[in-house]
Amino acid sequence: KVPITRWVYLTNQVDGVTTTFTLPQDVVAVHGILSTQFPDKWDLTDFSLSGNVLTTNFTMQSGATLIAVCDVLFYP
């Protein structure tokens, strides 16, 4: 397995209430998150990763775009 950086689109999970988002199983790290609600979040105090669940310390507005910049394991 080779780690590569990939953007994971989570907009379909944004509902204005939830702070947890399910990532694909091959994600091993989250470097930052991007959104239409804010420019970007790169500080690890703003979010955490446990297994394949991304948890934010804030709520996303319903309809906002959310993208996680992740390292994933890739089979060449």
Side-chain angles (χ1 to χ4, degrees):
K1 296 179 182 179
V2 177
I4 62 170
T5 302
R6 179 171 62 126
W7 289 25
V8 177
Y9 293 83
L10 302 170
T11 302
N12 63 337
Q13 298 181 47
V14 176
D15 62 8
V17 179
T18 191
T19 59
T20 59
F21 303 91
T22 303
L23 297 169
Q25 292 290 340
D26 59 352
V27 171
V28 293
V30 176
H31 298 290
I33 50 180
L34 312 170
S35 174
T36 53
Q37 182 175 319
F38 50 79
D40 53 29
K41 300 277 187 186
W42 300 102
D43 190 341
L44 295 178
T45 61
D46 293 325
F47 60 87
S48 62
L49 179 65
S50 178
N52 71 321
V53 176
L54 172 69
T55 303
T56 61
N57 64 2
F58 51 86
T59 303
M60 296 291 301
Q61 297 171 355
S62 182
T65 298
L66 180 63
I67 301 168
V69 181
C70 303
D71 273 353
V72 298
L73 296 180
F74 171 73
Y75 291 94

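Small disclaimer: the values here were computed from a predicted structure and weren't measured. All values below come from the heavy atoms of this structure, side chains included, with hydrogens, waters and symmetry mates left out.
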Heavy atoms, side chains only, cut-off 4.5 Å: are Tyr9 and Leu34 in contact? no
Is any side-chain heavy atom of Phe74 less than 4.5 Å from a side-chain heavy atom of Lys1? no
Hphob cluster co-occupancy, [X] + [Y], side-chain heavy atoms under 4.5 angstrom:
X: Val69; Y: Leu10; value: no
X: Ile4; Y: Ile33; value: yes
X: Trp42; Y: Trp7; value: yes

Compile the donor-acceptor pairs under 3.5 Å between side chains in residues 56-67 and protein atoms, sequence neighbours left out, one pair per line.
{"from": "Thr56", "atom 1": "OG1", "to": "Thr19", "atom 2": "O", "distance (Å)": "3.4"}
{"from": "Thr56", "atom 1": "OG1", "to": "Phe58", "atom 2": "O", "distance (Å)": "2.6"}
{"from": "Asn57", "atom 1": "ND2", "to": "Thr45", "atom 2": "O", "distance (Å)": "2.8"}

Sequence-distant partners of Thr5, side chain to side chain donor-acceptor pair (under 3.5 Å), two or more places apart: Asp71
From Thr18 OG1 over to Phe21 CZ, what is the distance, rounded to the nearest 0.5 angstrom? 5.5 Å
Would you compute the distance between atom CG of Leu49 and atom CG of Leu23 and round it to the nearest 0.5 angstrom? 6.0 Å
side-chain contact (heavy atoms from CB on, under 4.5 Å) partners of Pro24, counting only residues at least two apart: Arg6, Val8, Asp26, Val27
Test item: Asn52 side-chain N/O and Thr22 main-chain N/O as donor-acceptor pair under 3.5 Å: no
Give the intermediate values and the outcome of side-chain contact (heavy atoms from CB on, under 4.5 Å) for residues Val30 and Leu44. CA-CA 9 Å; Val30 176; Leu44 295 178; over 6 Å; no
